[in-house]
Peer 1: 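Supplied in structure tokens, the structure appears directly below.
Side chains are part of it too, since the values below use all heavy atoms of this structure and drop only hydrogens, waters and symmetry mates. In listed order, ligands and their atoms are each counted from 1.
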Amino acid sequence: LSTTEVNLAAIEPGQAIKASFRKQPLFVRNLTPKEMAEADAVPVSSLRDPQTLEQRTAEGHKNWLITLGVCTHLGCVPLGAGEGENRGPFGGYFCPCHGSAYDTAGRIRQGPAPKNLEVPKYNFTSDTVVVVG
Ligand code: FES
């Protein structure tokens with residue numbers, strides 16, 4: 001199976017880019033300290049798909065949120081990475097198809113999607129390069 005290499009050097013805090021991984025959209029986001037604090041402030045037991053930000057990021061790289069850009073409802077591409085400034089009411093990503101709203105950890109918070117945005121397998125090969133897959 002193919003891998004995708006992403007160079008993180010040019011992604012500013014607060015910015016998210018859309019890349020591509022195995023023909024699917026891939027979101028790579030550099031979380032700000034405020035966005036990480038917002039994610040950490042949510043009681044995990046209140047979540048539909050309970051996961052912490054730590055569980056969804058790599059050790060020592062908690063600011064890098066790397067997920068598929070595929071809504072877990074019916075597969076639309078949510079807004080908020082690279083195109084469209086509408087990140088929805090929870091500040092992460094917003095799916096315009098049926099209104100699923102994801103938070104700054106890419107976790108489902110509102111709308112019909114059942115699961116958090118999927119985190120693919122990946123490895124940091126340096127502080128600025130990640131290989132997905
Ligand atoms: Fe995203 Fe339905 S496909 S809310």
Side-chain angles (χ1 to χ4, degrees):
L1 288 173
S2 65
T3 58
T4 293
E5 186 173 297
V6 182
N7 185 343
L8 307 174
I11 308 173
E12 303 288 334
Q15 189 185 0
I17 62 146
K18 187 162 75 175
S20 155
F21 171 61
R22 292 179 191 159
K23 299 191 174 141
Q24 299 185 94
L26 177 77
F27 291 170
V28 180
R29 178 151 166 175
N30 189 354
L31 297 171
T32 63
K34 179 168 176 281
E35 288 170 329
M36 289 187 271
E38 280 167 10
D40 287 340
V42 181
V44 174
S45 60
S46 73
L47 295 168
R48 189 178 300 173
D49 183 6
Q51 282 185 318
T52 62
L53 178 59
E54 268 83 6
Q55 291 173 310
R56 295 177 54 73
T57 52
E59 197 175 347
H61 301 281
K62 187 179 169 184
N63 60 309
W64 290 108
L65 180 68
I66 300 173
T67 64
L68 297 187
V70 178
C71 181
T72 62
H73 180 222
L74 295 174
C76 288
V77 181
L79 302 173
E83 63 191 58
E85 287 308 302
N86 184 0
R87 288 178 161 176
F90 296 92
Y93 300 108
F94 182 71
C95 183
C97 290
H98 316 93
S100 285
Y102 297 88
D103 68 12
T104 54
R107 299 174 299 196
I108 184 63
R109 299 292 298 278
Q110 182 179 296
K115 292 285 200 183
N116 302 334
L117 293 181
E118 184 179 340
V119 176
K121 206 162 86 62
Y122 61 82
N123 281 302
F124 280 81
T125 55
S126 78
D127 273 349
T128 54
V129 176
V130 71
V131 175
V132 183

Peer 1: Just by distance, no angles: are the side chains of N30 and E12 close enough, under 3.5 Å, to form a donor-acceptor pair?
Peer 2: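 No, no side-chain donor-acceptor contact under 3.5 Å.
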Peer 1: My understanding is that only one of T67, I17, T104, I11 makes a side chain to side chain contact (heavy atoms under 4.5 Å, CB included) with R29; could you say which?
Peer 2: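 Of T67, I17, T104, I11, side chain to side chain contact (heavy atoms under 4.5 Å, CB included) with R29 is met by T104 alone.
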Peer 1: Spell out, as yes or no, whether a donor-acceptor pair under 3.5 Å connects the side chain of T4 to the backbone of S20.
Peer 2: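 Pair found, side chain donor or acceptor close to backbone of S20.
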Peer 1: Just how far is it from atom CZ of F27 to atom CD1 of I66, taken to the nearest 0.5 Å?
Peer 2: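 Output value for this atom pair is 13.5 Å.
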Peer 1: Considering only heavy atoms, which protein residues lie less than 4.0 Å from any atom of ligand 1?
Peer 2: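 Only C71, H73, L74, G75, C76, C95, C97, H98, G99, S100, P112 have heavy atoms that fall under 4.0 Å of ligand 1, ordered by chain and number.
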Peer 1: Identify whether the distance between the nearest side-chain nitrogen and carboxylate oxygen of R87 and D103 falls below 4.0 Å.
Peer 2: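 Looking at D103 together with R87, the answer is no, because their closest N to O distance does not fall below 4.0 Å.
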Peer 1: What's the separation between atom CZ in F21 and atom NZ in K121, rounded to the nearest 0.5 Å?
Peer 2: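 It is 9.0 Å, given to the nearest 0.5 Å.
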